[in-house]
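Here is the structure we will look at.
Computed over heavy atoms, backbone and side chain alike; hydrogens, waters and symmetry mates excluded. Just so it is clear, the model here is predicted, and its values are computed rather than measured.
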Amino acid sequence: MANNEVTNFRNIALVGHGDAGKTTLVETILFKTKTISRLGEVEAGTTTCDFEPDEKDRKNSLDAAVVSCHWGNKTLNIIDTPGYPDFAGEAIISLQAVESGLLTINASSGIMVNTREMWNVMSELDRPRFIVINKLDLPNLKFSELLKSIQDTFGPKCLPLTFPVGLGDSLKGVVDFLVTPPDKIPSEITEAKQWREKLIESAVEVDDALLNKYLDGQAVSADELSGALKRAVRERKIFPVLCVSAKKQVGLDELLDFMVSYLPAPDEAEPKKGVNPESDEKTEVILERTAAAPLSAQVFKCVSDPFVGKISYLRIFSGTVHPDSTVYNSRFKKTQKIGKIFKPFGKEQQPINQAICGDIITTTKVEDLLLFDTLSTPGNPVK
């Protein structure tokens, strides 16, 4: 079980074009982390994230769905977003509630319209991001051509961290370039040496001392490389490419290890900024990313449930919130009361006693909450 500390959260939105396998990937992650005991299927309408009747009928996501799971002592808050351009708004809003974006690409169909659009949105938001090539179990794949297409489209900073061993029916697993010694990489991966060297060279460039050590021909330790890659990902100097087959559950351990080890925690990312709505709104407020700080939380999604009523999704950017709290709403500059708070898990709402900076929660039946409302501690207003 993960510790309830700010530094242990990882907030990630899965984006990309339709049919990239985002919902199946999330389902497999939940199964892999033992969060669910039975693996659902999109075709059968039994996945955790596609729970609305229209989604089950159409067999694709129409709304963003939030789930969480644990890997090691870290909590992963994952938002599965729709992939078709008609529903891109759900993905764009979700990206504003997370520190990191995962761009999912179908290994067979490659880069599509919404693949490019979501990359552009993440670039505008300046999010740390990485790419997952999914469906490596499909036939007739041209993996090397896809890698080249990714670099041509999104730039040379997109570098493979894991590489498939075999493709299609012959897919055996993946190799992690940082943890696998060069002499242990299967000889069939002919491009392994050049990709591994590019990854290492790009990683050490973030640290002058490490770069000089590398250029002098001195050995760079695994810990040094890991630290350099962590910094490079968070500073948007490398966008790692990872390889998976959600259907075959290949590459999942490496993907989960990457997310908890290299993606930024809420207190490591760029700080959230706001203004004081009771002043002239020109004075910038930088939020302190701790549980002890005054509360600031923003509504990033509202839905109406026929049984529960209005459900408002909140990202907590600072402080702590409890059930039945009195909070200040920056839109109408007054206090209001929220009732119970919940941890969302697909269609379920699990009651909790408190939530801290970095977490994603819901509250229900607060009818006057609107999208992008900011809630804060009375006496410390933030918009």
Q | Distance under 6.0 Å and angle within 45° of ring axis: Lys74 vs Trp71 | A | no
Check your understanding: If you count the non-hydrogen atoms of other residues, nucleotides and ligands that lie under 6.0 Å from NZ in Lys247, is the total more than 12?
Key -> no
Quick check against the 3.5 Å criterion: does Ser325 have a side-chain atom that pairs as donor or acceptor with the backbone of His322? yes
Between the CE atom in Met118 and the CG atom in Leu14, the distance rounded to the nearest 0.5 Å is 12.5 Å
Does Glu55 use its side chain to pair, donor to acceptor, with the backbone of Asp63 at less than 3.5 Å? yes
Problem - From CA spacing to verdict: side-chain contact (heavy atoms from CB on, under 4.5 Å), Trp119, Thr153 - result: CA-CA 10 Å; Trp119 183 268; Thr153 306; over 6 Å; no
Quick one: side chains of residues 311-318, donor-acceptor pairs under 3.5 Å with protein atoms, not counting sequence neighbours, listed by atom name and distance.
from: Arg315; atom 1: NH1; to: Ala97; atom 2: O; distance (Å): 2.9
from: Arg315; atom 1: NH1; to: Glu99; atom 2: OE2; distance (Å): 2.9
from: Arg315; atom 1: NH2; to: Glu99; atom 2: OE2; distance (Å): 2.7
from: Ser318; atom 1: OG; to: Pro294; atom 2: O; distance (Å): 2.8
from: Ser318; atom 1: OG; to: Ser296; atom 2: N; distance (Å): 3.3
from: Ser318; atom 1: OG; to: Ser296; atom 2: OG; distance (Å): 2.6

Note to self: According to a hydrophobic-cluster definition based on side-chain heavy atoms being under 4.5 Å apart (Ile, Leu, Val, Met, Phe, Trp, Tyr only), do Leu62 and Val15 belong together?
What the structure shows: no
So CZ of Arg10 and NE2 of His70: to nearest 0.5 Å the spacing works out to 13.5 Å
With Ile133 as partner, the option from Thr162, Asn106, Ile150 fulfilling side chain to side chain contact (heavy atoms under 4.5 Å, CB included) is Ile150
Heavy-atom nearest pair, Asn114 first then Gly83, reads ND2-O, 2.8 Å
Exercise. Is it the case that more than 12 heavy atoms not belonging to Glu191 sit under 6.0 Å from its CD atom?
Worked result: yes
Could you tell me whether Asp216 atom CG has more than 12 heavy atoms of other residues or ligands within 6.0 Å of it? yes
Enclosure of Asp169 CG (heavy-atom neighbours >12, cutoff 6.0 Å):
no
| Donor-acceptor contact present, side-chain Lys22 to main-chain His17, <3.5 Å | yes
Would you say Leu95 and Met259 are hydrophobically clustered, going by side-chain heavy atoms of ILVMFWY under 4.5 Å?
yes
- With a 4.5 Å limit on heavy-atom distance, are the side chains of Arg129 and Leu103 in contact? no
Linking I/L/V/M/F/W/Y whenever their side-chain heavy atoms sit closer than 4.5 Å, directly or via other members, would Met122 and Leu161 fall into one cluster?
-> yes
CG of Asn73 to CG of Asn8, rounded to nearest 0.5 Å, is 4.5 Å
- Task: Taking the side chain as every heavy atom from C-beta outward, state whether Thr47 and Thr24 have any pair of such atoms under 4.5 Å apart.
- Result: no
Of all heavy-atom pairs linking Ile356 and Gln354, the shortest is CG2-NE2, 3.9 Å
pair Gln249-Leu39: side-chain heavy atoms closer than 4.5 Å
yes
| said: Does Lys383 have more than 12 heavy atoms from other residues, nucleotides or ligands lying within 6.0 Å of its NZ? | reply: no
*Pair Lys32-Asp253, salt bridge (Lys or Arg N to Asp or Glu O under 4.0 Å): steps then yes or no*: CA-CA 8 Å; Lys32 182 72 178 179; Asp253 286 272; 2.9 Å; yes
What one should report as the nearest heavy-atom pair of Ala246 and Asn134 is N-OD1, 3.1 Å
- Stepwise, does the side-chain contact (heavy atoms from CB on, under 4.5 Å) test hold for Ile111 with Arg116? CA-CA 7 Å; Ile111 297 169; Arg116 291 185 175 88; 3.9 Å; yes
Going through the distances and angles, do Phe239 and Phe154 end up as a ring pair (Phe, Tyr, Trp, His ring centres under 6.0 Å)? CA-CA 9 Å; Phe239 305 116; Phe154 304 127; 9.3 Å; no
| query | Just wondering, more than 12 heavy atoms not from Asn140 lying within 6.0 Å of its CG? | reply | no
(request) Go through the steps for Lys343 and Asp359 under the test salt bridge (Lys or Arg N to Asp or Glu O under 4.0 Å), then give the verdict. (result) CA-CA 9 Å; Lys343 189 73 176 170; Asp359 209 353; 2.3 Å; yes
Do the side chain of Ser226 and the main chain of Asp223 share a donor and acceptor less than 3.5 angstrom apart?
no
Can a donor-acceptor pair be found, under 3.5 Å and without considering hydrogens, that links the side chain of Asp373 to the backbone of Val299?
no
* Mind checking whether Ile185 and Phe143 sit in one hydrophobic cluster, side chains of I, L, V, M, F, W, Y counted as touching below 4.5 Å? -> yes
Paired with Val250, the side chain to side chain contact (heavy atoms under 4.5 Å, CB included) test is passed by just one of Asp137, Leu136, Leu255, Val174, namely Val174
If you measure only the distance, is there a donor-acceptor pair under 3.5 Å linking the side chains of Ser94 and Thr81? no
> Taking Arg196 for the side chain and Phe177 for the main chain, is one N or O donor matched with an acceptor at less than 3.5 Å?
Replying inline: yes
* Thr23 and Asp80: side-chain hydrogen bond (donor to acceptor under 3.5 Å, both in side chains), yes or no, with the steps? -> CA-CA 6 Å; Thr23 300; Asp80 176 31; 2.7 Å; yes
Let me see the working for Val165 and Val175 under side-chain contact (heavy atoms from CB on, under 4.5 Å), right down to the final yes or no.
CA-CA 7 Å; Val165 181; Val175 169; 3.5 Å; yes
- With the 4.5 Å side-chain cut-off for hydrophobic clustering, are Val303 and Ile338 part of the same group? no
Requested in this report: For the pair Glu348 (side chain) and Phe345 (backbone), establish whether a donor and an acceptor sit closer than 3.5 Å, ignoring hydrogens and angles.
Outcome: no
Could you go step by step and tell me if Val233 and Phe130 meet the side-chain contact (heavy atoms from CB on, under 4.5 Å) rule?
CA-CA 8 Å; Val233 169; Phe130 64 110; over 6 Å; no
* Counting N and O atoms only, with roles assigned by atom type, does the side chain of Lys333 sit under 3.5 Å from a partner on the main chain of Pro277, one being a donor and the other an acceptor? -> yes
d(Ser61 OG, Phe87 CZ) to nearest 0.5 Å is 10.0 Å
Nearest heavy-atom contact between Gln349 and Gly346 is NE2-O, 4.3 Å
Evaluate the side-chain proximity of Lys237 to Glu205: yes if any heavy-atom separation is below 4.5 Å, no if none is.
no
Side chain of Arg331, backbone of Thr374: donor and acceptor closer than 3.5 Å? no
> Where the side chain of Lys310 meets the backbone of Glu367, is there a donor-acceptor pair that is under 3.5 Å apart?
Replying inline: yes
Separation between OG1 (Thr362) and CD1 (Ile360), nearest 0.5 Å, reads 11.0 Å
Shortest non-hydrogen pair, Ile29 vs Cys69, comes out as CG2-SG, 3.9 Å
- Message: If you define the side chain from C-beta out and look only at heavy atoms, does anything of Phe342 sit under 4.5 Å from Gln350?
- Response: no
Interatomic distance, NZ@Lys59 vs CG@Asp57, rounded to 0.5 Å, equals 7.0 Å
In short, Asn276 meets Pro381 closest at the heavy-atom pair OD1-CG, 3.4 Å
| query | Do Asn60 and Asp19 have side-chain atoms, one donor and one acceptor, less than 3.5 Å apart? | reply | no
